[in-house]
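Heads up: the structure comes next, in structure tokens.
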Amino acid sequence: MLSIPKFLIRIKREKRWLKAFLHRERPDLIISDNRYGLWSRDVFCVFVTHQLHIRTPFGRVGDLMLQQMNYHFIRRFSQCWVVDVEGSGLAGELSHPAIFPPIPLRYIGWLSRFGAGDGAERSGDAPGMDAAGRLSKPGSNDEAQPGARSGTGGSDYILVLLSGPEPQRTLLERRIIEQSAGCPRRIVLVRGLPEGGAAIEGLPEGMVVYDHLPATDLERVIRQAAFVIARPGYSTVMDLVRLEKRAVLIPTPGQSEQEYLGNRLAANGWAACMTQRKFSMTAAVAAAGAFSFGSLHQKDRGQLGIAVEEALANCG
């Protein structure tokens, strides 16, 4: 709530930037990924979101007030694309509210930067690692790849993907490291620090740590993991669905959306969900096998293409 003034200032800056851009480029179509200021009366504008119902810690009244504010900005666009499938969907009431915005709306399925090469895992593109724990080239048969010690190939390690605001990111990182001591499976930790971070002292034997990985390497590492431990941010969840990867999700404390999404996925049998305070690596290993996204991603195929064709027809 305290961030609303900053939020409104950002919208004004976006409007100012767009005005100059429209004067130079004169586009026929604008697709705005959750940027409320990127709309114009003179151009067909699409707003992309998965949060039509934004959850707050203040209950139904707080949710309703924020939804009204949300729709105040969304209604200025020509069309709204919802990143989910029709029906109950992946995001539940976040993307399927009781009240919809008063503009044309289309569900476009799930978006992911991964999945272009769906056969990568089967073709042997394992994320091999050298003796120092560095990623080797795709297709490497390096015996030092995660899991090689137990003879089960590259899928015998647990991948931990950290992200989100401090101090919760660091608090979870410390808990993961504490809980990893004595784990029978190797741990690969991606810290979510694109700018780099301080070295970690006292790592358990065999743990491999990266501050950040490019998308291509990250996809290979996810594909070959036995399962993934991550925050249930919606983009992360969509990536895991696309790759049909088993997951244990740990919501960021105080983030209502993540708490709702993690619990919803667990209730549907798609992913395990644990609180950060009570996280246990032993419990995570035991729980991961009972949950699976399976072939859930097949439900969303083709929806984005239809939406794009429709938008192009409207702006032509």
Side-chain angles (χ1 to χ4, degrees), residues 1-56 58 62-86 89 91 94-97 99-113 163-166 192 194-195 212 214-215 233-239 255-258 300 302-316:
M1 302 298 283
L2 294 175
S3 298
I4 287 179
K6 189 185 299 183
F7 172 75
L8 297 175
I9 290 172
R10 188 174 296 123
I11 290 176
K12 287 187 175 181
R13 289 176 179 170
E14 291 171 358
K15 287 289 296 178
R16 189 162 55 244
W17 178 90
L18 182 62
K19 183 177 180 180
F21 182 83
L22 292 176
H23 180 73
R24 293 195 315 269
E25 304 295 341
R26 301 186 183 280
D28 299 303
L29 172 66
I30 296 172
I31 299 178
S32 169
D33 183 5
N34 221 41
R35 293 287 186 171
Y36 293 90
L38 297 185
W39 67 275
S40 169
R41 292 186 179 90
D42 302 321
V43 182
F44 191 87
C45 301
V46 176
F47 186 77
V48 183
T49 186
H50 75 279
Q51 288 196 84
L52 297 176
H53 176 92
I54 302 175
R55 292 181 68 90
T56 72
F58 309 115
D63 291 359
L64 183 59
M65 290 177 62
L66 198 55
Q67 186 183 58
Q68 290 175 342
M69 181 179 176
N70 190 28
Y71 286 4
H72 170 75
F73 292 105
I74 292 178
R75 69 190 304 164
R76 299 176 178 181
F77 289 79
S78 309
Q79 195 175 72
C80 180
W81 290 357
V82 183
V83 189
D84 205 345
V85 297
E86 292 190 66
L94 301 179
S95 57
H96 299 79
I99 303 173
F100 289 90
I103 61 172
L105 183 144
R106 174 178 286 280
Y107 287 90
I108 61 171
W110 304 310
L111 305 181
S112 174
R113 54 189 164 162
S163 61
E166 297 290 3
E195 305 301 321
H212 178 71
Y234 197 58
S235 294
T236 298
V237 170
M238 289 190 292
D239 287 340
Q255 289 201 7
S256 303
E257 178 200 355
Q258 288 195 11
D300 75 326
Q303 297 305 307
L304 177 60
I306 295 171
V308 169
E309 292 295 333
E310 180 182 274
L312 291 174
N314 283 323
C315 71

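Under the salt bridge (Lys or Arg N to Asp or Glu O under 4.0 Å) criterion, no residue pair touches residues 62-72, with sequence neighbours excluded.
Remark: Glu195 pairs with no residue by the side-chain contact (heavy atoms from CB on, under 4.5 Å) rule, at least two apart or across chains. Scored by the side-chain hydrogen bond (donor to acceptor under 3.5 Å, both in side chains) test, Gln68 finds no partners at all (sequence neighbours excluded). Residues passing the ring pair (Phe, Tyr, Trp, His ring centres under 6.0 Å) test with Phe100, sequence neighbours excluded: none. Contacts of Trp81 classified as side-chain hydrogen bond (donor to acceptor under 3.5 Å, both in side chains), with partners at least two apart in sequence or in another chain: Gln79. Listed by chain and residue number, nothing satisfies the ring pair (Phe, Tyr, Trp, His ring centres under 6.0 Å) test with Phe44 (two or more places apart in sequence, or in another chain). When the side-chain contact (heavy atoms from CB on, under 4.5 Å) test is applied to Asp28, the partners found at least two apart in sequence or on another chain are Cys315. For Ser163, there are no side-chain hydrogen bond (donor to acceptor under 3.5 Å, both in side chains) partners two or more places apart in sequence or in a different chain. By the side-chain hydrogen bond (donor to acceptor under 3.5 Å, both in side chains) test, Thr236 pairs with no residue at all, sequence neighbours left out. Partners of Tyr107 under the ring pair (Phe, Tyr, Trp, His ring centres under 6.0 Å) rule, at least two apart in sequence or in another chain, are His96.
Annotation for His53 and Pro97: closest pair CB-CB, 4.0 Å, computed over non-hydrogen atoms. Between Arg106 and Ile306, the closest heavy-atom pair is NH1-CG2, 3.5 Å. The two residues Val46 and Ala311 come nearest to each other via the heavy atoms CG2-CB, 4.5 Å.
Here CG of Leu111 is found 5.5 Å from CE of Met238. Values are rounded to the nearest 0.5 Å.
No side-chain heavy atom of Asp42 sits under 4.5 Å from any side-chain heavy atom of Leu22. When side chains are defined from C-beta on, Arg113 counts as touching Asp239, because their heavy atoms get closer than 4.5 Å. Considering only heavy atoms from C-beta on, Thr49 stays 4.5 Å or farther from Tyr36 through its side chain.
A donor-acceptor distance shorter than 3.5 angstrom exists from the side chain of Asn314 to the backbone of Glu310, with no hydrogens or angles considered.
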task = Please report the C-alpha distance between Arg55 and Leu94 in whole Å, then the side-chain angles of each, then the deciding distance to 0.1 Å, and finally whether the side-chain contact (heavy atoms from CB on, under 4.5 Å) criterion is met.
result = CA-CA 8 Å; Arg55 292 181 68 90; Leu94 301 179; 3.7 Å; yes

request  = For side-chain contact (heavy atoms from CB on, under 4.5 Å), just list the numbers for Asn70 and Gln51, CA-CA rounded to whole Å, side-chain angles, deciding distance to a tenth of an Å, and then say yes or no.
outcome  = CA-CA 9 Å; Asn70 190 28; Gln51 288 196 84; 5.5 Å; no

Trace of the side-chain contact (heavy atoms from CB on, under 4.5 Å) decision for Leu52 with Ser95 = CA-CA 5 Å; Leu52 297 176; Ser95 57; 5.6 Å; no

request  = Report the C-alpha separation of Leu38 and Phe21 in whole Å, then their side-chain angles, then the decisive distance to 0.1 Å, and conclude whether the side-chain contact (heavy atoms from CB on, under 4.5 Å) test is met.
outcome  = CA-CA 10 Å; Leu38 297 185; Phe21 182 83; over 6 Å; no

For residues 4-18, dump all side-chain donor-acceptor pairs below 3.5 Å to protein atoms at least two apart in sequence or in another chain.
unit_1 : atom_1 : unit_2 : atom_2 : d
Glu14  : OE1    : Gly37  : N      : 2.8
Glu14  : OE2    : Arg35  : NH1    : 3.0
Lys15  : NZ     : Trp39  : O      : 3.0

Residues 71-78, side-chain donor-acceptor partners within the protein, below 3.5 Å, at least two apart:
unit_1 : atom_1 : unit_2 : atom_2 : d
Tyr71  : OH     : Gln67  : NE2    : 3.3
Tyr71  : OH     : Ile99  : O      : 2.6
His72  : NE2    : Arg76  : NH2    : 3.0
Ser78  : OG     : Cys45  : N      : 3.0

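Counting non-hydrogen atoms of other residues, nucleotides and ligands closer than 6.0 Å to CZ of Arg24 gives a total above 12.
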